[in-house]
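Beneath this line is the structure, given in structure tokens, with notes to follow.
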Amino acid sequence: MSDKFTNVWTIAEAFEGKLKPVSFELLARGRSLADACGEQLVSVLIGAKVGDAELNSLISHGADLVISVQDPALEAFIVETYSNVLLDLVEQRKPNIILAAATNNGRTLMPHAAMRLHTGLTADCTDLQIDLATGDLLQTRPAIGGNILATIKTPNHRPQMATVRPRSTQPLPEDPSRVGKIEQVQLKPELLDKRVMRLSFKAEAADESNLQDSDVIVAGGRGMKKADNFVQLHDLARLLGGKVGASRDAVDRGWARYPQQIGLSGKTVLPKLYIAMGISGAIQHLAGMKTSETIVAVNTDPNAAIFQVADFGIVGDAFQVLPELISRLEERKS
Ligand SMILES: Cc1cc2nc3c(=O)[nH]c(=O)nc-3n(C[C@H](O)[C@H](O)[C@H](O)COP(=O)(O)OP(=O)(O)OC[C@H]3O[C@@H](n4cnc5c(N)ncnc54)[C@H](O)[C@@H]3O)c2cc1C
């Protein structure tokens with residue numbers, strides 16, 4: 001079966017004409033898979049306003065071919081239309097593997113497309129390898145609240161589809177000498193789903209947007225006691241150049257908003273520094289943050305599970321530690 005389906009595709013993402021970093025991270029994953037299969041690496045961009053320099057940067061970061069389907073009608077991400085465009089390309093060109101980012105767009109587009117292609121999809125992969133004996137993609141992801149790693153295959157269907165967590169891969173170094181091809185594909189009007197249109201666009205509040213892109217996250221849980229106390233988390237995050245996240249308990253209580261929720265049913269984050277204030281460390285929370293580079297936990301309970309994953313643990317009251325941290329950082333800054 002795999003003979004008919006060749007090449008590894010990655011789905012690039014852009015916003016207002018600029019490629020998102022995850023587009024390059026996916027190319028690093030895709031490059032090693034394409035090399036292992038002896039196939040081409042193709043970056044597929046569906047969108048609008050992305051110029052040649054940006055498209056070329058996909059090649060200098062590992063793509064052999066860029067398929068660009070751009071049209072003003074594709075500026076807003078509308079899953080029905082994007083899925084129509086992707087399916088049309090897949091049906092004509094039959095890729096072996098399709099990788100997308102586990103972002104809002106990727107997590108919406110890929111299940112929609114996989115269902116219509118009657119193939120499997122593994123979401124949120126942390127590792128991808130090729131089984132050299134069969135050519136199957138080995139798709140590894142955390143399961144059961146992050147307690148085990150499951151490796152999943154799609155032996156009977158093609159393409160093999162997976163999403164990859166943003167910031168789980170270093171992009172390849174840029175190589176301007178790499179040679180590749182850019183193919184502009186005209187949008188077929190019949191692929192536009194006219195039932196859905198974007199009427200307006202409202203950006204998330206600055207503290208909630210791009211939580212996954214932040215190098216520093218200060219997260220609060222039920223131990224913060226009330227919504228007003230999150231102000232101190234915002235002060236600390238500002239001093240560290242970071243963003244504020246939250247446990248599900250804090251979100252359920254209305255102290256933070258859902259886009260800030262970290263964990264199994266929220267976002268997966270991989271910051272350089274994760275500070276957990278008054279968070280117990282339930283497995284569902286750990287599933288979204290335990291691979292952070294450095295974890296600092298502050299909790300009054302010395303037996304809190306969060307200390308098992310923390311690099312630095314402070315057994316103490318968040319309301320003593322927070323003002324102290326904030327004033328030391330302010331001193332340093334001044
Ligand atoms: C299907 C499912 C999905 C879920 N998804 C998520 C998810 O995505 N994200 C998530 O977070 N949870 C998720 N949960 C919920 C999870 O099981 C926990 O209930 C939740 O993480 C607890 O939040 P918490 O740590 O803020 O609260 P608690 O568990 O109540 O912990 C509060 C902590 O604060 C400490 N504390 C109290 N006072 C202070 C103080 N003054 N200073 C310092 N520390 C103090 C306490 O010792 C305690 O450890 C999910 C659960 C299920 C069943």
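First listed ligand is number 1; within each ligand, the first listed atom is number 1. Start at 1 with the first residue, then count along the sequence. These figures come from a predicted structure and were not determined experimentally.
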Report summary line: side-chain hydrogen bond (donor to acceptor under 3.5 Å, both in side chains) test vs N96 passes for just one of Q40, R158, K4, namely R158
Query raised in the report: So, the side chain of T163 versus the backbone of A100: is there a donor-acceptor pair under 3.5 Å, distance only?
Result: no
Query raised in the report: Considering only protein heavy atoms, which is closest to atom 48 (C) of ligand 1, and at what distance to one decimal place?
Result: N299 ND2, 3.7 Å
Query raised in the report: Among T300, I279, L264, I283, whose heavy atom sits nearest atom 44 (N) of ligand 1?
Result: T300
Query raised in the report: So does Q92 have more than 12 non-hydrogen atoms from other groups sitting under 6.0 Å from CD?
Result: yes
Report summary line: If you scan protein heavy atoms around atom 1 (C) of ligand 1, the nearest is R248 NH1, 4.3 Å
Query raised in the report: Above 12 or not: heavy atoms from other molecules or residues under 6.0 Å from CD of Q170?
Result: no
**Report entry** Nearest non-hydrogen protein atom, atom 26 (O) of ligand 1
**Finding:** S247 OG, 2.6 Å
Query raised in the report: Within a radius of less than 6.0 Å around CZ of R332, do more than 12 heavy atoms belonging to other residues, nucleotides or ligands occur?
Result: no
Requested in this report: Indicate the ring-plane relationship of F15 and F201, choosing parallel, tilted or perpendicular according to the 30° and 60° boundaries.
Outcome: tilted
Requested in this report: Report yes if A318 has an N/O atom closer than 3.5 Å to an N/O atom of ligand 1; otherwise report no.
Outcome: yes
Query raised in the report: What residue and atom, counting heavy atoms only, is the protein's closest point to atom 7 (C) of ligand 1, and at what distance?
Result: Q261 NE2, 3.4 Å
Report task. Just jot down the ligand 1 atoms closer than 4.0 angstrom to any heavy atom of G316, in number order. Result -> 42 (N), 43 (C)
Query raised in the report: Can you tell me if CD on Q129 sees more than 12 non-hydrogen neighbours from other groups inside 6.0 Å?
Result: no
Query - Per-atom contacts of ligand 1 with G266, taking only distances under 4.0 Å to non-hydrogen atoms - result: 8 (O)
Report summary line: Here the atoms of ligand 1 under 4.0 Å from any heavy atom belonging to F319 are 41 (N)
Report summary line: atom 6 (C) of ligand 1: of S265, G223, G263, the nearest heavy atom sits on S265
Query raised in the report: Do any nitrogen or oxygen atoms of G221 come within less than 3.5 Å of a nitrogen or oxygen of ligand 1?
Result: no
Report summary line: The reported gap from CG in L41 to CG in L27 (rounded to nearest 0.5 angstrom) is 5.5 Å
Query raised in the report: Going by heavy atoms, is K225 under 4.0 Å from ligand 1?
Result: yes
Query raised in the report: Of all the non-hydrogen atoms in the protein, which one sits nearest to atom 27 (O) of ligand 1, and at what distance?
Result: R222 CB, 3.5 Å
Query raised in the report: Backbone or side chain, does any N or O of I262 fall under 3.5 Å from an N or O of ligand 1?
Result: yes
Requested in this report: Quick one: do S23 and L58 satisfy side chain to side chain contact (heavy atoms under 4.5 Å, CB included)? Show the steps, please.
Outcome: CA-CA 8 Å; S23 311; L58 292 167; 4.2 Å; yes
Requested in this report: Tell me which protein heavy atom sits closest to atom 17 (O) of ligand 1, plus the residue, atom name and distance to 0.1 Å.
Outcome: Q284 OE1, 2.8 Å
Query raised in the report: Hey, does A246 sit under 4.0 Å from ligand 1 if you only count heavy atoms?
Result: no
Report summary line: among protein heavy atoms, the one nearest atom 19 (O) of ligand 1 is A282 CB, 4.8 Å
Report summary line: For atom 41 (N) of ligand 1, the closest protein heavy atom turns out to be D317 OD1, 3.0 Å
Requested in this report: Would you check if the side chain of Q212 reaches a backbone N or O of T268 as a donor-acceptor pair within less than 3.5 Å?
Outcome: yes
Report task. May I ask you to check whether over 12 heavy atoms, not counting those of M197, lie within 6.0 Å of atom CE? Result -> no
